[in-house]
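In what follows, every chain begins at residue 1, and chains take the letters A, B, ... in the order their sequences are listed.
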There are 2 protein chains.
Amino acid sequence: MTPAAGTAPEGYDKRAFEPFAVTVDLAVFTIRGAVLQVLLIERGQEPYAGRWALPGGFVLPDESAETAARRELAEETGLSDVPGLHLEQLRTYSEPDRDPRMRVVSVAYTALLPDAPPDSVRMDPHLASLEPHGGGDAARAQWLPYDGLGPLAFDHDRILVDAHERVGAKLEYTCLATAFCPPEFTLGELQQVYETVWGTVLDRPNFRRKVLATPGFVEPIPGAARLTGGRGKPAALYRAGTAATLHPPLLRPSREGRPV
Amino acid sequence: MTPAAGTAPEGYDKRAFEPFAVTVDLAVFTIRGAVLQVLLIERGQEPYAGRWALPGGFVLPDESAETAARRELAEETGLSDVPGLHLEQLRTYSEPDRDPRMRVVSVAYTALLPDAPPDSVRMDPHLASLEPHGGGDAARAQWLPYDGLGPLAFDHDRILVDAHERVGAKLEYTCLATAFCPPEFTLGELQQVYETVWGTVLDRPNFRRKVLATPGFVEPIPGAARLTGGRGKPAALYRAGTAATLHPPLLRPSREGRPV
DNA sequence: TCAAAAGTGTTAAGTTTACACCCATGC
DNA sequence: GCATGGGTGTAAACTTAACACTTTTGA
């Protein structure tokens with residue numbers, strides 16, 4: 001962009017303030033085999049060499065943070081042109097000491113994407129890009145279970161906890177759960193999303209009634225059915241609907257003393 | 001974050017990337033006379049000279065964005081040490097062209113505060129600071145009604161809409177409404193908060209039942225009562241409780257096609 | 001006495017919960 | 001057959017919504 005220095009009125013000289021680096025960090029979630037997984041990269045250099053970290057990188061001079069998030073996701077993990085990728089801003093982390101090297105303000109994003117079943121990776125060349133590979137700055141990129149992660153680099157533990165909490169909360173009052181599902185999915189798979197993110201078990205009859213009673217949450221694909229888990233009755237298939245929010249919301253089973 | 005090895009190999013050279021300015025913008029709301037009001041400053045210089053804008057300013061090298069938000073609020077508007085000030089991060093705005101002079105990434109905050117009744121401004125020297133006065137870069141600071149604001153400077157219209165939407169949504173499932181109330185308030189005043197932010201009318205008997213049935217939302221002040229509006233039965237007084245979230249939520253009257 | 005605002009009561013409608021039971025499939 | 005997962009039914013408990021009514025104040 002290169003702003004014209006001459007046109008900057010007083011008090012707006014670039015050298016009048018300390019320059020900040022602005023970066024993006026990505027908390028990328030998927031659900032694989034009923035387990036919530038996070039996409040992480042192994043750091044190749046100090047600080048925190050060898051530690052797992054969130055993918056991310058610098059915002060370039062002529063792009064927005066969201067554009068940078070999409071670009072970094074593609075560069076560092078090979079996840080590009082993913083159909084159904086959901087990306088949304090989480091919050092910005094700006095503690096002065098969050099990077100020991102210099103002042104870095106980071107805009108964190110949460111991304112959700114459907115799992116690519118192992119079979120379709122071999123079948124469909126497009127879906128093959130869902131298998132992340134190292135690239136760009138990252139030593140290697142890999143899906144790891146959200147539960148039981150060791151300490152991550154920088155303040156990435158906290159970012160990940162914030163992202164998880166936000167996703168869990170948004171499942172209650174938005175149609176976000178479908179972002180974890182492939183284009184065609186069963187109600188059992190949708191329920192699995194809720195159960196995995198919330199860490200609870202839901203009543204199947206009540207769950208399906210609730211989902212089907214919410215206009216625009218899912219729409220049936222007439223005649224289509226798929227066998228899940230190898231056994232049992234084939235399940236009817238649904239597509240994501242056009243609604244964005246759930247009214248009334250689908251609340252988590254109530255805990256007693258509930259944190260925010 | 002994870003800075004780029006390719007861009008800044010060893011040690012993160014500060015000149016390897018274009019410097020960004022990082023600022024904070026504040027959407028400060030209060031409710032005065034059943035009207036939602038926003039604290040704005042009149043710009044004294046180009047661009048947008050004479051236009052209304054959100055208070056805000058640069059994040060300094062050794063402070064977090066939140067610290068900067070508190071400092072700017074005090075400097076530009078005189079609102080410092082306000083008891084009951086609620087401040088929370090909204091989101092970050094980073095479009096490359098959002099400031100015509102240079103690249104500015106802005107972390108926006110939402111602040112809520114109780115109205116200082118005109119009488120108590122004269123009585124209590126502490127509350128007098130609630131009357132904003134210009135200072136710092138701002139030409140002057142003033143409360144203006146949220147509805148019917150002309151176009152603001154920069155992308156501040158959008159920030160304000162986002163902030164309003166967020167506050168409205170958080171009233172549904174958190175105890176945020178008490179942040180608009182003085183330390184002691186009546187249920188009628190609390191209801192007024194909901195009605196003003198949502199732009200709806202609520203049923204009084206049902207509202208009070210809902211509030212009183214939510215543990216930790218409000219707690220009664222035994223024996224205390226206050227006359228409101230000059231006439232009518234004196235209303236019992238309440239304090240904000242210790243709960244942060246509402247279970248079940250207090251949902252807005254349902255509209256048909258609801259936006260997110 | 002009246003208007004205004006607080007506060008209580010009641011009932012019908014709707015929602016949620018818990019659980020019993022049937023259906024279709026692979027092994 | 002039988003285990004497994006999909007799908008339907010139902011009744012009790014609870015929540016919400018609508019509105020009638022009483023109380024306490026200032027004018």
Side-chain angles (χ1 to χ4, degrees), chain A residues 31 33-34 117 171-173 181 184-196 198 200-215 217-238 246-256, chain B residues 33-34 171-173 181 184-196 198 200-215 217-238 246-256:
Chain A
I31 291 173
L171 288 189
E172 291 195 319
Y173 56 94
C181 295
E184 303 192 341
F185 54 88
T186 70
L187 294 187
E189 288 163 354
L190 190 66
Q191 185 175 344
Q192 185 67 66
V193 170
Y194 278 89
E195 293 184 331
T196 302
W198 287 350
T200 59
V201 173
L202 302 174
D203 182 86
R204 184 157 39 78
N206 293 335
F207 177 81
R208 67 186 294 110
R209 252 191 298 269
K210 199 103 216 225
V211 170
L212 295 176
T214 302
F217 194 177
V218 299
E219 43 188 57
I221 303 175
R226 181 212 296 162
L227 219 63
T228 59
R231 269 183 289 277
K233 182 173 174 176
L237 289 175
Y238 295 82
L246 261 37
H247 279 271
L250 210 161
L251 300 174
R252 277 176 267 207
S254 53
R255 327 165 203 164
E256 290 318 294
Chain B
L171 288 189
E172 292 195 318
Y173 56 93
C181 294
E184 304 191 341
F185 54 88
T186 69
L187 293 187
E189 287 163 355
L190 190 65
Q191 183 175 347
Q192 186 67 65
V193 171
Y194 278 89
E195 293 183 332
T196 302
W198 287 348
T200 58
V201 173
L202 300 175
D203 181 86
R204 183 158 39 80
N206 294 335
F207 178 81
R208 67 186 293 112
R209 253 190 298 268
K210 197 96 220 230
V211 169
L212 296 175
T214 302
F217 193 175
V218 298
E219 43 187 57
I221 302 174
R226 182 211 295 162
L227 218 63
T228 58
R231 267 184 289 278
K233 184 173 175 175
L237 289 174
Y238 294 83
L246 262 37
H247 278 272
L250 211 161
L251 300 175
R252 274 175 269 206
S254 53
R255 327 165 204 164
E256 290 317 294

Expressed in angstrom and rounded to an integer, what is the separation of [X] atom [atom1] from [N] atom [atom2]?
{"X": "B:Arg208", "N": "D:dT15", "atom1": "CZ", "atom2": "P", "value": "19 Å"}
{"X": "A:Gln192", "N": "D:dG5", "atom1": "CD", "atom2": "C1'", "value": "12 Å"}
{"X": "B:His247", "N": "C:dT16", "atom1": "NE2", "atom2": "C1'", "value": "16 Å"}
{"X": "A:Asp203", "N": "C:dA18", "atom1": "CG", "atom2": "C1'", "value": "7 Å"}
{"X": "A:Leu250", "N": "C:dT16", "atom1": "CG", "atom2": "C1'", "value": "11 Å"}
{"X": "B:Asn206", "N": "C:dA12", "atom1": "CG", "atom2": "P", "value": "16 Å"}
{"X": "B:Leu187", "N": "C:dT8", "atom1": "CG", "atom2": "C1'", "value": "14 Å"}
{"X": "A:Phe207", "N": "D:dG6", "atom1": "CZ", "atom2": "P", "value": "11 Å"}

Give the minimum heavy-atom separation between [X] and [Y], together with the two atoms involved.
{"X": "B:Glu189", "Y": "B:Glu184", "value": "OE1-O, 4.4 Å"}
{"X": "A:Leu202", "Y": "A:Gln191", "value": "O-NE2, 3.0 Å"}
{"X": "B:Val193", "Y": "B:Cys181", "value": "CG2-SG, 4.0 Å"}
{"X": "A:Pro249", "Y": "A:Lys210", "value": "O-NZ, 2.8 Å"}
{"X": "B:Tyr238", "Y": "B:Val218", "value": "CD2-CG2, 3.8 Å"}

Options D:dT24, C:dA24, C:dT16, nucleotide nearest the side-chain atoms of A:Pro234: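 Closest nucleotide among those given: C:dA24.
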
Nucleotide nearest A:Ala235 when distance is taken to its side chain, options C:dG7, D:dG7, D:dT8: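 So the side chain of A:Ala235 is nearest to D:dG7.
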
Sugar-phosphate, base or nothing in reach of B:Ala236, heavy atoms under 4.0 Å: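 Sugar-phosphate: the residue B:Ala236, judged by heavy atoms under 4.0 Å, touches backbone atoms but no base.
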
Distance below 4.0 Å between [X] side-chain N/O and [N] OP1 or OP2:
{"X": "A:Arg209", "N": "D:dT8", "answer": "no"}
{"X": "A:Lys210", "N": "C:dT16", "answer": "yes"}
{"X": "B:Arg231", "N": "C:dA3", "answer": "no"}

Under 3.5 Å donor-acceptor pair, B:Arg204 side-chain atoms to C:dA6 base atoms: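 Looking at the base of C:dA6, it does pair with a donor or acceptor on the side chain of B:Arg204 (distance under 3.5 Å).
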
Residue met sooner reading DNA chain D from 5', once A:Lys233 and A:Leu212 are mapped to nucleotides: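 So the residue in question is A:Lys233.
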
